[in-house]
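Data block below; observations after.
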Protein chains: 2
Amino acid sequence: MLLFSFYEKLRILAYEISRRLEARRESMENTAPIKPTETELEILQILWQHGPSTVRLVNEEQNKAKETGYTTTLKLLQIMYEKNLVSRDEESRSHVYRAAVTEEETQQHLLGRFLDTTFRGSAMKLVMQALGNHRTTPDELNQIRHLLKKLEDDSSHADS
Amino acid sequence: MLLFSFYEKLRILAYEISRRLEARRESMENTAPIKPTETELEILQILWQHGPSTVRLVNEEQNKAKETGYTTTLKLLQIMYEKNLVSRDEESRSHVYRAAVTEEETQQHLLGRFLDTTFRGSAMKLVMQALGNHRTTPDELNQIRHLLKKLEDDSSHADS
DNA sequence: ATAGTAACACGAAATTTTTCGTAGATCAAG
DNA sequence: CTTGATCTACGAAAAATTTCGTGTTACTAT
């Protein structure tokens with residue numbers, strides 16, 4: 001295995017990732033479409049990081065990145081509430097909001113969309129691009145396929 | 001090396017990717033900010049795939065996915081022209097538009113943005129997410145760091 | 001030449017997303 | 001009970017994005 005250069009190893013993995021992502025996406029077709037807007041996503045990030053929070057808390061967090069009026073944050077959370085992106089506890093006077101979607105599923109959705117719109121669905125290209133611009137010739141692709149077979153066989157033995 | 005399971009191998013690579021992406025992003029800070037909107041990106045995709053095209057051509061392509069008026073496409077291209085996302089040849093009566101940004105650099109930019117907004121900058125998480133939801137404990141992370149060192153040493157010998 | 005077709009420019013309507021102002025309710029302190 | 005601070009609700013302005021209608025010009029074929 002030590003014969004393979006980093007890039008070769010990468011290509012093998014990238015291919016594997018590509019295959020799995022595709023399978024995963026197919027098995028997810030009937031899931032609810034989560035499509036937060038840019039700022040909604042920012043708020044979700046805050047809720048994911050800090051857990052259930054009041055509007056005030058969220059707003060203060062937001063302000064660290066960019067000055068934002070209190071009612072702006074409030075309105076956003078209300079909108080997100082209607083979209084079922086967040087739930088809220090109205091017990092105390094200041095409502096406590098919490099994310100109603102998990103970070104993972106949201107990332108999964110957004111990743112799929114991003115893959116389609118930006119990389120035309122090629123997870124392979126995405127990973128390769130993440131590394132640097134390495135063109136893969138048809139020949140290389142074949143090489144990968146061969147290597148992959150070996151790798152798969154090996155993995156099935158070595159896997160925990 | 002054959003002791004490593006697929007996921008272990010993946011984590012090593014993901015970490016490496018993460019490091020490189022970060023370096024890459026830092027060295028790119030002073031680049032012009034390419035931020036095409038959703039539909040602008042769709043048009044760029046068409047231009048990248050088909051090469052320089054007339055408005056008519058682009059519009060027909062667009063219609064395969066979603067009915068779009070001719071002047072709508074035209075207007076978008078004009079806007080993109082002003083933003084320098086595309087250039088155009090006005091020789092013949094029907095102008096010929098071509099992408100003024102490469103697919104790679106655009107993907108690079110968008111990937112960076114996406115990474116920040118959706119994965120809080122963690123390429124590692126992105127790749128892991130692409131594969132499936134595997135939690136990485138702090139302990140695992142340490143393991144990776146160790147493995148990486150080995151891998152790096154090995155790579156520097158084996159690399160082409 | 002003239003009618004018909006297809007192209008461009010331009011402005012503005014329509015839609016979506018983001019921001020903010022105001023009114024009314026609730027609570028705590030004097 | 002009144003004042004002041006803080007909260008929610010709501011509507012609407014502002015900004016960004018997308019779509020389309022109209023007028024004009026250029027080319028083609030009769």
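In what follows, chains are A, B, ... by sequence order, proteins preceding strands, each numbered from 1.
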| Is there a side-chain contact between B/Trp48 and B/Ile43, using heavy atoms and a 4.5 Å cut-off? | no
| Side-chain contact, heavy-atom cut-off 4.5 Å: A/Leu111 with A/Gln107? | no
| said: If I take atom CD1 in residue A/Ile43 and atom P in nucleotide C/dT17, what distance separates them, rounded to the nearest angstrom? | reply: 14 Å
| Separation of D/dA16 P from A/Glu38 CD (nearest whole Å) | 14 Å
| query | Can you check whether A/Gly51's main-chain N or O pairs, donor with acceptor, with A/Ser53's side chain at less than 3.5 Å? | reply | yes
Residues from [range] sitting under 4.0 Å of DNA chain D, heavy atoms only?
{"range": "residues 86-98 of chain A", "result": "A/Arg88, A/Arg93, A/Ser94, A/His95"}
{"range": "residues 62-84 of chain A", "result": "A/Tyr70, A/Thr71, A/Leu74, A/Lys75, A/Gln78"}
{"range": "residues 44-59 of chain A", "result": "A/Val55, A/Arg56"}

Please name all residues satisfying side-chain hydrogen bond (donor to acceptor under 3.5 Å, both in side chains) with [X], sequence neighbours left out, ordered by chain then number.
{"X": "A/Glu91", "answer": "none"}
{"X": "A/Arg120", "answer": "B/Gln45, B/Glu103"}
{"X": "B/Lys64", "answer": "B/Glu61"}

| Partners passing side chain to side chain contact (heavy atoms under 4.5 Å, CB included) against B/Glu60 (at least two apart in sequence or in another chain) | B/Arg56, B/Leu57
| field | Which residues share a side chain to side chain contact (heavy atoms under 4.5 Å, CB included) with A/Glu38, sequence neighbours left out | value | A/Glu42, B/Arg113, B/Thr117
| said: Tell me the bend of the helix from C/dA1-D/dT30 to C/dG30-D/dC1 as the angle between end helix axes, each from five pairs, rounded to the nearest 10 degrees. | reply: 10°
| Parallel, tilted or perpendicular, as decided by the 30° and 60° cut-offs, for the rings of B/Phe114 and B/Phe119 | perpendicular
I'd like a table of donor-acceptor pairs (distance under 3.5 Å, sequence neighbours excluded) in which one partner is a side-chain atom from residues 70-87 of chain A, with atom names and distances.
residue	atom	partner	partner atom	Å
A/Thr73	OG1	A/Asn59	ND2	2.8
A/Thr73	OG1	A/Gln62	OE1	2.7
A/Lys83	NZ	A/Glu40	OE1	3.4
A/Lys83	NZ	A/Glu40	OE2	2.8

| How many angstroms lie between atom OG1 of B/Thr118 and atom CG of A/Leu110, to the nearest 0.5 angstrom? | 5.0 Å
N/O-N/O pairs, protein side and nucleotides 28-30 of chain D side, under 3.5 Å:
none

| Heavy-atom neighbours of B/Glu90 CD exceed 12 at 6.0 Å | yes
| request: Carefully, step by step, assess B/Tyr97 and B/Val58 under the rule side chain to side chain contact (heavy atoms under 4.5 Å, CB included). | output: CA-CA 9 Å; B/Tyr97 288 83; B/Val58 173; 5.9 Å; no
Identify all pairs in which a protein N or O lies below 3.5 Å from an N or O of nucleotides 14-16 of chain C, and state each distance.
none

| note | Closest non-hydrogen contact found for A/Pro52 with A/Val96 is CB-CG1, 3.7 Å
